[in-house]
Amino acid sequence: MSVALESNAVFVAIEYMAIFCSGLSGGLAATRKRYDIFTILMISWVTALGGGIVRDVLLGSLPPVGITDKGYVLSALLSGIVIAFAHPEIGNLTRSMIVVDAMALGLFAVNGTAKAMAFHTSGMTAVFMGMFTALAGGVIRDTLLNEVPSVIRDKHWYAVPSFIGCVLTVIVGKFVEAGKINLRGEMVLDLAIVALIVALRLLSVKFNIMLPGAMERERAHLRMRSRYLRRPVVHPQVHEPADHEADVSITHNPDETA
């Protein structure tokens with residue numbers, strides 16, 4: 001099944017570029033680990049197409065396009081070959097890689113969500129499918145390379161823009177199903193959503209915008225005895241006195257006789 005962005009040659013070309021650049025980022029990570037050429041190619045392929053494979057398996061669209069579409073597969077493998085020879089130059093293009101990665105994030109999120117909508121899934125399911133398409137490739141890459149996934153490691157907005165884009169794509173899809181938006185309008189709105197995802201990601205990196213963590217707390221307002229809040233004994237060989245022993249101070253008088 002095709003979606004709006006896949007029905008235009010320009011958007012198809014952009015999608016191939018996103019696959020190629022995602023493969024570059026995966027291959028670069030494998031190169032920095034000093035792996036061999038086969039591993040570089042494999043990591044490039046799984047980074048570029050892993051999210052789409054996860055999506056297609058969950059949707060029951062088998063076999064996945066990540067192993068059937070020759071253009072996709074060749075683009076991913078070509079990126080691995082390029083990175084094997086040009087990794088010093090590409091490694092220095094930090095800002096360019098961030099921009100390209102943001103574009104891939106937006107395109108994969110919108111395409112994945114739109115494809116799920118084409119399979120008549122619920123809106124919530126479509127959002128999950130879009131998130132998997134955008135993020136699963138990088139998660140698989142980092143897992144294979146024994147790294148903390150970048151979606152967790154990167155404190156700037158990464159998953160948040162893709163989530164917002166997936167939700168907006170579902171809304172657009174609902175209007176299309178209701179006949180209120182035609183194919184051209186869907187393409188324009190999908191492109192605008194991709195641009196929004198890219199903008200949110202880049203603004204987060206440029207201005208160091210991060211989501212807040214857990215609320216800073218110093219005391220726990222729980223009505224229970226303090227012994228229930230004690231930290232567990234890390235070294236079992238160290239004896240920790242019981243409650244009744246801790247409250248009693250024992251003094252020894254050398255003048256006392258037994």
What's the separation between atom CD in Glu147 and atom CZ in Arg153, rounded to the nearest 0.5 Å? 6.0 Å
Could you report the tightest heavy-atom contact between Leu196 and Leu168, atom names first, then the distance? CD2-CD1, 3.5 Å
Give a yes or no on whether the backbone of Ile19 and the side-chain of Ser22 come within a donor-acceptor separation of less than 3.5 Å. no
Mind checking whether Met17 and Val100 sit in one hydrophobic cluster, side chains of I, L, V, M, F, W, Y counted as touching below 4.5 Å? no
Asp36 atom CG, neighbour heavy-atom count above 12 within 6.0 Å: yes
Do the non-hydrogen side-chain atoms of Tyr72 and Val65 ever get within less than 4.5 Å of each other? yes
What is the minimum heavy-atom distance between Tyr158 and Leu105, and which atoms define it? O-CD2, 3.4 Å
Thr133 vs Asn111, test: side chain to side chain contact (heavy atoms under 4.5 Å, CB included). Steps then yes/no. CA-CA 8 Å; Thr133 307; Asn111 251 6; 5.7 Å; no
Nearest heavy atoms of Leu135 and Val151, plus distance in Å: CD1-CG2, 4.1 Å
Check Ala114 against Thr169 and note the closest heavy-atom contact, atom names and distance. N-CG2, 4.1 Å
Answer yes or no: is there a donor N or O on one side and an acceptor on the other, between the side chain of Asp56 and the main chain of Gly66, under 3.5 Å? no
Of all the heavy-atom pairs spanning Ala109 and Ile197, show the shortest one and how long it is. CB-CD1, 4.1 Å
Distance-minimising heavy-atom pair for Ala116 and Leu59: CA-CD1, 4.0 Å
Output, in order, the C-alpha distance, side-chain angles, deciding distance and verdict of side chain to side chain contact (heavy atoms under 4.5 Å, CB included) for Ile81 and Leu41. CA-CA 7 Å; Ile81 296 174; Leu41 293 175; 3.8 Å; yes
Val172 reachable from Val127 in the ILVMFWY side-chain graph, under 4.5 Å edges: yes
Given Glu186, which partner from the list Val188, Leu189, Asp190 fulfils the side-chain contact (heavy atoms from CB on, under 4.5 Å) test? Asp190
Donor-acceptor under 3.5 Å (Ser44 side chain, Gly23 main chain): yes
Return the set of residues passing side-chain contact (heavy atoms from CB on, under 4.5 Å) with His156 (not counting sequence neighbours), or none when no residue passes. Asp154, Arg201, Ser204, Val205, Asn208, Met210
